[in-house]
Amino acid sequence: MGKNKNKTLALLLIGGIACQYLTGCGPNERTEPLGSGYEEVVYIRQHISEPESHQITLQYRGSEGRRVMVWASIYNAIVKNDVAVFIGHDVNYDSKLFTVKAPELPMDITSEVLRRWSQSSGKDFAEALKFGNVGFIHDNGTTIQVTFTFWGQKYETWPREFQLDSKMISEIMHDVKGKGVVRKTSVYGKSYSFLEKEVKPEVQK
C-alpha cells in the first residue's frame, strides 16, 4: 500500500508540473498595492516550448476584501486621490489612457488629453488623433506626466510630454461621465465596458 501511495503522489506532482509548464495553468502571481484599494497583479506563465509570458492587470479590492478585475492588460498605473490613471490595451493591443474611480466604469480619456495637449503645444489636433498614441505615464508628485508617441518623420520635433494635474483629471472625468457613451472592447477574450466621450477636431476651441 505504501508503494501505491507514493506512486499516486508522484503522478499527482508530475501532473501538476505538466499542467503548469505545458498548458500554462496555475500561473505564478505577483501583487503590488498601488493605494486606495488598487493593485497591480502580474501573472507569470512558464512554458517548455515558449518564452515566459507576463500579463499585467489592474485590479481593485473593495472594503469587503473581494478583488475585482478593472482591466486585464495594462502598461502601468498611478493612483491619485482614489482615482487610478492607467495605460490599458484593447483587443488590437492599442494603448489608451484611462481613468477609473472603482467600482465605477473606466473612462477612456485619450482624445481629451490629446486635445488639451494640442491647445498648449499649438499642434494640429486632427493629426495628433490620427498619428498619436500614449507611450508612458510617470508620477511627478503633483502631476502625472503623459508621454505621447507620434508616427512619422514629420512629427519628430513635436513635444511629447504633457502634465496632467488632479484638477484637470477631475474636470475630464466629470465631462466624460456627463457626455460619454458606453463602449466595449475585448481583452484576453473577456468583454470590458468603459465610458468614452467623442472629441471631434472640428469642435476644438
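Index from 1, following the sequence. We use all heavy atoms of the structure for the numbers below, so side chains are in, but hydrogens, waters and symmetry mates are not.
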Taking atom [atom1] of [X] and atom [atom2] of [Y], what is their separation to the nearest 0.5 Å?
X	Y	atom1	atom2	value
Asp175	Met107	CG	CE	10.0 Å
Glu40	Leu34	CD	CG	6.0 Å
Gln145	Arg160	CD	CZ	13.0 Å
Ile172	Lys197	CD1	NZ	9.5 Å
Asp139	Ile144	CG	CD1	6.5 Å
Phe86	Asn76	CZ	CG	11.0 Å

For a quick test of reading the model, state the closest non-hydrogen atom pair linking [X] to [Y] and the distance between them.
X	Y	result
Leu114	Phe125	C-CE1, 3.8 Å
Asn133	Ser95	OD1-O, 2.8 Å
Phe162	Val113	CD2-CG1, 3.9 Å
Ser191	Lys184	OG-CD, 3.8 Å
Leu97	Val85	CD1-CG1, 3.9 Å
Asp124	Glu127	OD2-N, 2.8 Å

### Task
Starting from the C-alpha separation in whole Å, work towards a yes-or-no answer on side chain to side chain contact (heavy atoms under 4.5 Å, CB included) for Tyr192 and Met69.
CA-CA 10 Å; Tyr192 285 84; Met69 182 75 73; 3.1 Å; yes
ILVMFWY cluster, [X] and [Y] together (side-chain gap under 4.5 Å):
X	Y	value
Val182	Ile109	yes
Val91	Phe98	no
Val42	Tyr60	yes

Give a yes or no on whether the backbone of [Y] and the side-chain of [X] come within a donor-acceptor separation of less than 3.5 Å.
X	Y	result
Trp71	His89	yes
Asp165	Met168	yes
Glu29	Val41	no
Lys80	Gly141	yes
Asp90	Asn92	yes

Check this for me, if you would: do [X] and [Y] make a salt bridge, where the nitrogen-to-carboxylate-oxygen distance has to be below 4.0 angstrom?
X	Y	value
Glu196	Lys96	no
Glu112	Arg115	yes
Asp108	Arg183	no

### Task
Look at atom OH of Tyr188 and say whether more than 12 heavy atoms of other residues, nucleotides or ligands are closer to it than 6.0 Å.
yes
### Message
Could you check whether atom NZ of Lys101 has more than 12 heavy atoms from other residues, nucleotides or ligands sitting under 6.0 Å from it?
### Response
no
### Task
Quick one: sort the Tyr75 and Phe136 rings into parallel, tilted or perpendicular, breaks at 30° and 60°.
perpendicular
### Message
Does the plane of the ring in Trp158 sit parallel, tilted or perpendicular to the ring in Phe150? Use 30° and 60° as the thresholds.
### Response
perpendicular
### Message
Arg116 vs Glu171, test: side chain to side chain contact (heavy atoms under 4.5 Å, CB included). Steps then yes/no.
### Response
CA-CA 12 Å; Arg116 291 177 180 238; Glu171 290 173 351; 3.4 Å; yes
Taking the side chain as C-beta and beyond, is there a heavy-atom pair between [X] and [Y] under 4.5 Å?
X	Y	result
Tyr93	Ser73	yes
Lys123	Tyr155	no
Val100	Leu105	no

### Query
Passes side chain to side chain contact (heavy atoms under 4.5 Å, CB included), Gln59 versus Val70? Steps please.
CA-CA 5 Å; Gln59 303 189 35; Val70 175; 5.5 Å; no
### Query
Would you say the side-chain atoms of Asp82 and Ser36 include a donor-acceptor pair closer than 3.5 Å?
yes
### Candidate list Leu164, Ile78, Thr147, test side chain to side chain contact (heavy atoms under 4.5 Å, CB included), partner Ile137, passing option
Ile78
